[in-house]
Amino acid sequence: METWAPMSIEKNGLRVRFAPSPTGALHIGGARTALYNWLAARHGGGELVLRIEDTDLERSTPENVAQILDALRWLGLDWDEGPISQVGRADAHSEALGRLIESGAAYRDSATADDVKAWKAEHGADRGYRGEPSADGTGAIRLRVPDEGDTVVDDLIRGEVRFPNRSYDDFVIARGDGSVLYNFAVAVDDADMGITEVIRGDDHLSNTPKQLLVFEALGIEPPRYAHVPLLHGPDGKKLSKRHGAASVQELRDAGYLPAAIRNYVALLGWGPGDDETLLSTEELVSRFRPEDVGRSSAVFDEKKLRWMNGRYMREMPLGEYQAAVREFVDAETGGRPLNEERFAFGCEIVQEKAQTLQEVWPLIRFLFEPPVEDEKAWRKVMKGQAGRVLDEVETLLSGIESGDGGPNRDGFTIGNVQAVLEPLPEKLEMGAGKVFQPIRVAITGTTISPGIFESVAALGREESLARIASARLRVPDTGEETEQA
RNA sequence: GGCCCCGUGGUGUAACGGUUAGCACGCCAGGUUUUCAACCUGGAAGCGCGGGUUCGACUCCCGCCGGGGCUACCA
């Protein structure tokens, strides 16, 4: 259960906010909005306020709140104030509401949804609903919207966007019971919290005039707005929970690194202006400006994230990388104890090729368990001269003087294994593939593995010899082709 | 339907009146005299359409088409 932080009402300097609605997990689009706010705050030496828009009692849950905060922390996006519950500000909202009713800017209207619909049918589709104060003082509370003029959003990204006032309803700002609605609560909160720039998704652009109208009714200077384009799924629709691995939690489980996600997501709709693609978080902070964000929507492309994640994995300090992999391996193995030396070495030999933390284990699993034999690989490789190759390999590896002190240790090092195996194709007058693939299959069970010298050295002398011998028994003698049943 | 936003290769972007339209991912082909998802090299692939403005338009204007958002007593 998260605890709510007290709110301050400072008003100096840049103040931005991230205001998620806890109706589900934080998805990649929300993460990007959070990142842009965070970057703007850090870049400008300002402050980031985290506010939870939980006024939708039906759909907001404490679990979702906890999950969102957890996702933000994991991403490395910290905030200076909050989390502040919007519901917790009910008093401030009622106070503002009272002022608007007092001044006549808002009124109670007993019209039902059907009444409004009927009114619109009568007055035309481009005409916003205009109500009447109810005689008995009941009904929802609506804000009066002028018929004339435009409300202009001076957007940092879009420029001036004009909305005709007459196209907006006298919209409901509070329910009949006095509980406030989104467009009202947001304006009151942004005002009270001294927010100077609102950086949020494009889906709020059409709502901004309503919020501006609230500011005007309240007599308060509104913040500046920057509406960033939405992220779309491959189907072209607004990215939502329905689109695959779209939540931060899922990306985490898939083995992506926070730094890579930050880099990738920042580039969705924004670029540093030159051809740089790999940008450290420090560079992101120093180069990001909300006004440089593009205007068109972008599609989340996991392939590119994978590539970028691989780049980050290769640049990680070895120990940090091993620790990160460990979590995934433990999840996979149920946390059973492993030969630590082998684990550390195994991680090392695949750091150059893995693109996510998740794919490390399948590559090094053979070091801890009997090889899971890939039947297809076996059939393809263990034929022809394979038996002869294994015989030779057995002799050569036996010849390496070594206690079996551990992976890559004593005489059984990558270098020594390579020294005896590398000349083998020439010696047998065979192609390298014909020689190394059978060894690989004997050692790892399949044709996809870390480098063969590394794999053998990691397994160690005794186990390598045992696997070679075991495989040899099942490989037909030289010359006998077996396209077995 | 109404109001609003957007439109450079499959994807993310750069160039913003004059360039062979650049970069990255992905894709394809080679290479890496050992696999591979890593790495290297090369290649295919783009200015939505139609009118203007201009000596000259991806870049400016208009129309169209296409995509998206909002239009709740949701956020």
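Throughout, a chain's letter reflects where its sequence line sits, starting with A, and its residues are numbered from 1.
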Item to check | Spacing of the P atoms in B:A14 and B:G9 (rounded, Å) | outcome: 13 Å
Checklist outcome for this item: Stems with RNA chain B, 3 or more Watson-Crick or G-U pairs in a row (under 3.5 Å), are B:1-7 with B:65-71, B:10-13 with B:22-25, B:27-31 with B:39-43, B:48-52 with B:60-64
Checklist outcome for this item: Heavy atoms of A:Thr55 and A:Arg175 approach each other most closely as O-NH2, 3.9 Å
Item to check | Whole-Å gap separating P (B:U13) and CG (A:Leu279) | outcome: 14 Å
Next on the checklist: Would you say A:Lys120 places a side-chain N or O within less than 4.0 Å of OP1 or OP2 belonging to B:A72?
Outcome noted: yes
Checklist outcome for this item: Sorted by chain and number, sequence neighbours left out, side-chain hydrogen bond (donor to acceptor under 3.5 Å, both in side chains) with A:Glu315 holds for none
Next on the checklist: Under the criterion side chain to side chain contact (heavy atoms under 4.5 Å, CB included), I'd like the reasoning laid out for A:His27 against A:Arg32: C-alpha separation, chi angles, the key distance, then a yes or no.
Outcome noted: CA-CA 9 Å; A:His27 63 79; A:Arg32 187 186 62 160; over 6 Å; no
Item to check | Test item: A:Thr33 side-chain N/O and A:Gly29 main-chain N/O as donor-acceptor pair under 3.5 Å | outcome: yes
Checklist entry - Listed by chain and number, what are the side-chain hydrogen bond (donor to acceptor under 3.5 Å, both in side chains) partners of A:Asp91, not counting sequence neighbours? => result none
Next on the checklist: Output the rounded distance in Å from OH (A:Tyr321) to P (B:A38).
Outcome noted: 15 Å
Checklist entry - To the nearest Å, how far apart are A:Tyr129 OH and B:A72 C1'? => result 14 Å
Please tabulate the protein-to-nucleotide N/O contacts below 3.5 Å involving nucleotides 4-8 of chain B, giving atom names and distances.
residue	atom	partner	partner atom	Å
B:C5	O2'	A:Arg158	NH1	2.5

Checklist entry - Is there a ring-ring contact (aromatic ring centres under 6.0 Å, His included) between A:Phe328 and A:Trp361 once you walk through the steps? => result CA-CA 8 Å; A:Phe328 282 79; A:Trp361 175 243; over 10 Å; no
Next on the checklist: Listing request: all salt bridge (Lys or Arg N to Asp or Glu O under 4.0 Å) pairs with a residue in residues 427-443 of chain A, at least two apart in sequence or in separate chains.
Outcome noted: A:Glu392-A:Lys427
Item to check | ring pair (Phe, Tyr, Trp, His ring centres under 6.0 Å) partners of A:Phe436, counting only residues at least two apart | outcome: A:Phe453
Checklist entry - Do you see a donor-acceptor pair shorter than 3.5 Å between the side chains of A:Asp54 and A:Ser85? => result yes
Next on the checklist: Between P on B:A72 and CG on A:Asn207, what's the gap in Å once rounded to a whole number?
Outcome noted: 10 Å
Item to check | Separation between the C1' atoms of B:G10 and B:C4, rounded to whole Å | outcome: 29 Å
Next on the checklist: Expressed as a whole number of angstroms, how long is the span from A:His27:NE2 to B:A75:P?
Outcome noted: 16 Å
Item to check | Pairs where residues 138-150 of chain A contributes a residue and the test salt bridge (Lys or Arg N to Asp or Glu O under 4.0 Å) is met, not counting sequence neighbours | outcome: A:Asp109-A:Arg142, A:Arg127-A:Asp147, A:Arg130-A:Asp147, A:Asp150-A:Arg162
Next on the checklist: Can you check the distance between B:U19 and B:U13, where both ends of the measurement are the P atom (answer in whole Å)?
Outcome noted: 25 Å
Protein-nucleotides 31-36 of chain B N/O pairs under 3.5 Å:
residue	atom	partner	partner atom	Å
B:U34	O2'	A:Arg440	NH2	3.4
B:U34	O2	A:Arg440	NH2	2.3
B:U35	O4'	A:Gln437	OE1	3.3
B:U35	O2'	A:Thr447	O	2.8
B:U35	N1	A:Arg440	NH2	3.4
B:U35	O2	A:Thr447	O	2.7
B:U35	O2	A:Ser449	N	3.0
B:U35	O2	A:Ser449	O	3.4
B:U35	N3	A:Arg440	NH1	3.2
B:U35	N3	A:Ser449	O	2.8
B:U35	O4	A:Gly451	N	3.4
B:C36	O2	A:Lys353	NZ	2.4

Between the protein and nucleotides 41-46 of chain B, are there any N/O to N/O pairs under 3.5 Å, and if so, what are the atom names and distances?
none

Next on the checklist: Could you tell me how far apart A:Glu302 (CD) and B:A37 (P) are, to the nearest whole angstrom?
Outcome noted: 18 Å
Checklist entry - For A:His227, which contact category applies under a 4.0 Å heavy-atom criterion: base, sugar-phosphate, or nothing? => result nothing
Next on the checklist: Mind checking if A:Arg314 touches a base, just sugar-phosphate, or nothing, with heavy atoms under 4.0 Å?
Outcome noted: sugar-phosphate
Taking N or O atoms only and anything under 3.5 Å, show me the protein contacts with nucleotides 22-26 of chain B, one pair per line.
residue	atom	partner	partner atom	Å
B:G22	N2	A:Asp275	OD1	3.1
B:C23	O4'	A:Asp275	OD2	3.4
B:A24	N3	A:Lys304	NZ	3.1
B:C25	O2'	A:Lys304	N	3.2

Checklist entry - Side chain of A:Ser60, backbone of A:Leu57: donor and acceptor closer than 3.5 Å? => result no
Checklist entry - For RNA chain B, what residues of residues 168-182 of chain A have any heavy atom nearer than 4.0 Å? => result A:Asp169, A:Val172, A:Arg175, A:Gly176, A:Leu181, A:Tyr182
Item to check | A:Arg200 CZ to B:G69 C1', straight-line distance once rounded to whole Å | outcome: 13 Å
Checklist entry - How would you list, by chain and number, every residue that makes a side-chain hydrogen bond (donor to acceptor under 3.5 Å, both in side chains) with A:Gln211, sequence neighbours excluded? => result A:Arg200
Checklist entry - What is the distance from CZ of A:Arg127 to C1' of B:C3, rounded to the nearest Å? => result 14 Å
Next on the checklist: Between B:A15 and B:A21, how many Å separate the two C1' atoms, rounded to a whole number?
Outcome noted: 7 Å
Checklist entry - In terms of the nearest nucleotide of RNA chain B, which residue is placed more toward the 5' end: A:Leu267 or A:Ser167? => result A:Ser167
Item to check | cation_pi(A:Lys120, A:Tyr129) dist<6.0 Å, angle<=45 | outcome: no
